[in-house]
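Okay, so here's the structure we're looking at.
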Amino acid sequence: TPEQMALLRWAAGDFSDSDRLLAATWRGMIPMIDVDSYADRLNKYYLVIPRAEDFRELAVSVNCLLLDRSLQEPLLNLLLDECRVPDLFKTLTFFRWSMSGRSLLAKYAPYTLHCIRVLLVFVGGVRNKLITNRPSSRLDLEYCYYFPFCNGFVSRDRLHKDLSIALIGKNQDFIDADELKSDLQRLEAEWQNMTAAQRKDRKAKFGDHPPARPDSIVARLWDKHMPPWRPGADYGDLKLTKEEEARFMTEIDQMMEAR
């Protein structure tokens, strides 16, 4: 898709003039953001976020709001207002939800619920003085909407680190960018300093997996999120079942079509 192609260009550091103009326009919106207005939006829908001493306590309070059946409609309205959804599409949204029996958003629209959670944690963080009240924080919040789509989120931003306490799941990790970068540089330096024989030996022992080291964040993340492995395993003879082969070929075909 065009979006995927744009992401590939950006990953390679290839930015067009229109990309730069869009980024400048986006950043130019910072002075126009009124963080304090969120208090009025919560009051409009009678939503109250209790006091919290830290992000873990805030997460518990927000989760209670999200699971309250009587608050599902005002919560959905809050998000639709935040996204500036036109009235017609608001009506269609509520009609479709009503036809489903107005079930909890956690079941009916899990990602919608995540977006509401992000917004409530942010507003609660500001109101409880856990987050600095500045317009740029609202822009930085946008990255948190990607949390459900990753195993690990890498950032050196203090706001992202704090919010991740309340937003990421048990099987996800917030990864400090500097720590990850340092470990990757160490792994690259080790590889470059090896002889051909040492590299061959490393390959035989670990395949494409990182060496097992307790002080390596790369190794820890690999152990947690990648398929099980053990030093010395013979990866060259790895066999796939027919079902795994079919699924693999389907994924390859989808990737090729996306190009």
Side-chain angles (χ1 to χ4, degrees), residues 26-98 100-149 153 155 157-169 172 174:
W26 179 245
R27 284 292 166 183
M29 293 173 60
I30 291 178
M32 301 168 58
I33 298 175
D34 182 9
V35 177
D36 292 326
S37 68
Y38 283 101
D40 295 332
R41 299 185 200 183
L42 290 181
N43 293 335
K44 176 182 177 180
Y45 294 113
Y46 304 101
L47 295 170
V48 179
I49 301 177
R51 287 191 171 277
E53 296 295 327
D54 54 42
F55 281 97
R56 287 185 173 81
E57 188 176 338
L58 178 60
V60 173
S61 298
V62 168
N63 284 338
C64 288
L65 293 177
L66 296 175
L67 295 176
D68 188 329
R69 187 171 291 277
S70 67
L71 297 179
Q72 300 301 289
E73 181 172 336
L75 288 170
L76 184 54
N77 262 316
L78 177 69
L79 182 65
L80 295 176
D81 282 351
E82 171 70 6
C83 297
R84 300 182 182 181
V85 175
D87 289 340
L88 173 61
F89 291 102
K90 281 186 181 180
T91 302
L92 293 173
T93 297
F94 276 101
F95 175 76
R96 182 178 178 186
W97 180 45
S98 297
S100 75
R102 288 186 168 238
S103 55
L104 287 173
L105 294 175
K107 179 180 180 181
Y108 177 73
Y111 181 65
T112 296
L113 190 78
H114 170 75
C115 294
I116 298 172
R117 176 182 284 109
V118 169
L119 190 57
L120 291 181
V121 168
F122 174 73
V123 176
V126 171
R127 297 185 72 176
N128 285 286
K129 300 187 184 323
L130 301 175
I131 297 174
T132 303
N133 186 356
R134 57 172 180 261
S136 61
S137 296
R138 176 59 189 84
L139 285 186
D140 292 334
L141 184 71
E142 293 295 310
Y143 296 97
C144 297
Y145 292 114
Y146 293 97
F147 280 3
F149 306 107
F153 185 84
S155 175
D157 190 286
R158 175 61 183 273
L159 176 64
H160 293 155
K161 183 177 182 179
D162 288 340
L163 290 174
S164 71
I165 297 172
L167 296 175
I168 65 172
Q172 295 176 297
F174 175 84

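Heads up: numbering here begins at 1 and tracks the sequence.
- More than 12 heavy atoms of other shown residues, nucleotides or ligands fall within 6.0 angstrom of atom OH in Tyr145.
- Considering every non-hydrogen atom in both Phe174 and Ser164, the closest pair reads CB-OG, 3.5 Å.
- Phe95 CZ: 12 or fewer foreign heavy atoms inside a 6.0 Å radius.
- The CZ atom of Arg117 lies 11.0 Å from the CG atom of Leu105; values are rounded to the nearest 0.5 Å.
- Cys144 and Leu163 get closest at one heavy-atom pair: SG-CD1, 3.7 Å.
- Between atom CG of residue Leu66 and atom OG of residue Ser61 there is a gap of 11.0 Å, rounded to the nearest 0.5 Å.
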Let me see the working for Phe147 and Phe153 under ring-ring contact (aromatic ring centres under 6.0 Å, His included), right down to the final yes or no.
-> CA-CA 7 Å; Phe147 280 3; Phe153 185 84; 4.6 Å; yes
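- In this structure, the side chains of Pro148 and Tyr111 come closer than 4.5 Å at one or more pairs of heavy atoms.
- Scanning both residues, Asp68 and Ser70, for their nearest heavy atoms gives OD1-OG, 2.6 Å.
- Nearest approach of His160 to Asp140, heavy atoms of both residues: NE2-O, 2.8 Å.
- In this structure, CD1 in Ile165 is found 8.0 Å from NZ in Lys161, a value given to the nearest 0.5 Å.
- Proximity of Leu167 to Val121: side-chain heavy atoms (C-beta onward) are separated by under 4.5 Å at one or more points.
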Would you sort out whether Arg158 and Thr132 count as a side chain to side chain contact (heavy atoms under 4.5 Å, CB included), showing the intermediate values?
-> CA-CA 11 Å; Arg158 175 61 183 273; Thr132 303; over 6 Å; no
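- Tyr45 and Asp81 are linked by a side-chain donor-acceptor pair at a separation below 3.5 angstrom, with hydrogens and angles left out of the test.
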Checking side chain to side chain contact (heavy atoms under 4.5 Å, CB included) for the pair Ile131/Phe55: CA distance, chi angles, key distance, verdict?
-> CA-CA 10 Å; Ile131 297 174; Phe55 281 97; 3.7 Å; yes
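- With rounding to the nearest 0.5 angstrom, the CD1 atom of Ile116 is 8.0 Å from the CG atom of Leu80.
- Scanning both residues, Trp97 and Glu73, for their nearest heavy atoms gives CH2-N, 3.7 Å.
- In this structure, CG on Leu120 lies 5.0 Å from CD1 on Ile49, to the nearest 0.5 angstrom.
- Within 6.0 Å of CZ in Arg102 there are more than 12 heavy atoms belonging to other residues, nucleotides or ligands.
- Side chain of Asp54 to main chain of Arg56: a donor-acceptor pair is present (N/O by atom type, distance under 3.5 Å, no hydrogens or angles).
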Could you walk me through whether Arg96 and Tyr108 pass the side chain to side chain contact (heavy atoms under 4.5 Å, CB included) check?
-> CA-CA 10 Å; Arg96 182 178 178 186; Tyr108 177 73; 3.2 Å; yes
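- Residues Val123 and Arg41 fail the side-chain proximity criterion, which asks for heavy atoms closer than 4.5 Å.
- Screening Leu67, Leu104, Asn77 for a side chain to side chain contact (heavy atoms under 4.5 Å, CB included) with Gln72, the sole residue that qualifies is Leu104.
- The distance from atom CG of Leu75 to atom CG of Leu113, rounded to the nearest 0.5 Å, is 8.0 Å.
- Taking both residues in full, the closest heavy atoms of Leu58 and Gly125 are given as CD2-N, 3.6 Å, listed atom of the first, atom of the second, then distance.
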